[in-house]
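A quick write-up on the structure given underneath.
Remember, it's a predicted structure, so these values are computed and weren't measured experimentally.
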Amino acid sequence: EAGVAQSPRYKIIEKRQSVAFWCNPISGHATLYWYQQILGQGPKLLIQFQNNGVVDDSQLPKDRFSAERLKGVDSTLKIQPAKLEDSAVYLCASSLAEGIGTQYFGPGTRLLVL
Amino acid sequence: SQELEQSPQSLIVQEGKNLTINCTSSKTLYGLYWYKQKYGEGLIFLMMLQKGGEEKSHEKITAKLDEKKQQSSLHITASQPSHAGIYLCGADYTGTASKLTFGTGTRLQVTL
């Protein structure tokens with residue numbers, strides 16, 4: 001069974017530029033999560049989708065971050081404009097459904113903002 | 001202060017030695033997840049504990065949940081270089097297995 005796929009793996013941008021990350025969850029998984037992991041810290045949940053609806057985006061900085069999961073499968077996370085403090089690893093995870101099943105993580109996208 | 005504290009922050013052990021990593025919560029746990037992360041990679045699921053006193057093992061890794069103390073321990077027997085990485089515990093405080101709160105991790109190095 002294929003795992004969670006993410007791209008790109010690495011991205012370097014200058015502050016105030018825009019960037020987008022892509023995630024393809026495990027087939028059949030209805031719930032998709034985006035986490036931000038700053039160096040030396042544990043992952044922090046940014047947004048959770050159930051199919052194509054948002055379940056929790058309370059920790060998403062909505063002035064610059066946006067995410068969508070239009071067809072209930074793939075998801076895109078965007079940052080516009082990026083700040084230095086956005087440098088982190090962005091992890092995507094998926095699970096069968098909310099409250100059901102373990103969260104399985106992708107390899108992450110490492111973002112460096114200069 | 002952190003809701004979920006891991007100790008130690010880092011650990012260096014000689015190959016073949018046993019070790020224990022602890023994860024202590026300041027709030028009631030509905031579930032506790034253990035993940036392993038290698039540098040530059042995603043999290044690999046190890047084990048999930050839900051009930052007080054529950055203990056699970058996979059190969060040489062055993063995890064226990066002490067409900068009274070709101071604490072979990074991860075024990076590795078006869079460590080190998082392949083065990084090196086960052087061990088993260090994630091707490092389910094909502095009972096939905098969704099919004100996990102993670103500790104800051106324990107970095108394990110295994111020397112030859």
request  = Tell me, yes or no, whether the heavy-atom count around Gln41(A) atom CD, taken from other residues, nucleotides or ligands under 6.0 Å, exceeds 12.
outcome  = yes
query = Honestly curious: do Trp34(A) and Ile13(A) fall in one hydrophobic cluster under the side-chain, below-4.5 Å linking rule?
reply = yes
task = Examine whether an atom of Gln6(A) lies under 4.5 Å from a heavy atom of chain B, and if so say whether it belongs to the side chain, the backbone or both; otherwise answer neither.
result = neither
ask   = What part of Leu43(B) lies closer than 4.5 angstrom to a heavy atom of chain A: side chain, backbone, both or neither?
value = both
message = Starting from Leu49(B), can I reach Tyr87(B) by hopping between I/L/V/M/F/W/Y residues whose side chains sit under 4.5 Å apart?
response = yes
message = Less than 4.5 Å apart, side chain to side chain, heavy atoms only: is that true for Phe45(B) and Phe105(A)?
response = no
ask   = Using non-hydrogen atoms only, which part of Ile86(B) is less than 4.5 Å away from chain A: side chain, backbone, both, or neither?
value = neither
ask   = Out of curiosity, Thr104(B) OG1 to Ile38(A) CD1, how far, rounded to the nearest 0.5 Å?
value = 13.0 Å
message = Is there a continuous path of hydrophobic side-chain contacts, each under 4.5 Å between heavy atoms, that joins Leu32(B) to Ile76(B)?
response = yes
message = Please report the interatomic distance OH(Tyr35(B)) to OG1(Thr102(A)), rounded to the nearest 0.5 Å.
response = 6.0 Å
remark   = One should read off an interatomic distance between Lys44(A) NZ and Leu100(B) CG, to the nearest 0.5 angstrom, of 15.0 Å
ask   = What do you reckon, is NZ of Lys64(B) surrounded by more than 12 foreign heavy atoms closer than 6.0 Å?
value = no
Common cluster, Ile44(B)/Ile21(B), ILVMFWY with side-chain heavy-atom separation under 4.5 Å = no
Nearest heavy-atom neighbours spanning Gly42(A) and Leu88(B) = CA-CD2, 4.1 Å
message = So for Ser58(A), is it side chain, backbone, both, or neither that comes closer than 4.5 Å to the heavy atoms of chain B?
response = side chain
query = For Glu14(A), does the CD atom have more than 12 heavy-atom neighbours from other residues, nucleotides or ligands under 6.0 Å away?
reply = no
Gln80(A) atom CD: more than 12 heavy-atom contacts under 6.0 Å = no
remark   = Cut-off 4.5 Å, heavy atoms of chain A, and the answer for Gln37(B) is side chain
inquiry  = Using modelled atom types and a 3.5 Å cut-off, is there a donor and acceptor pairing between side-chain atoms of Gln103(A) and backbone atoms of Ser98(B)?
reply    = yes
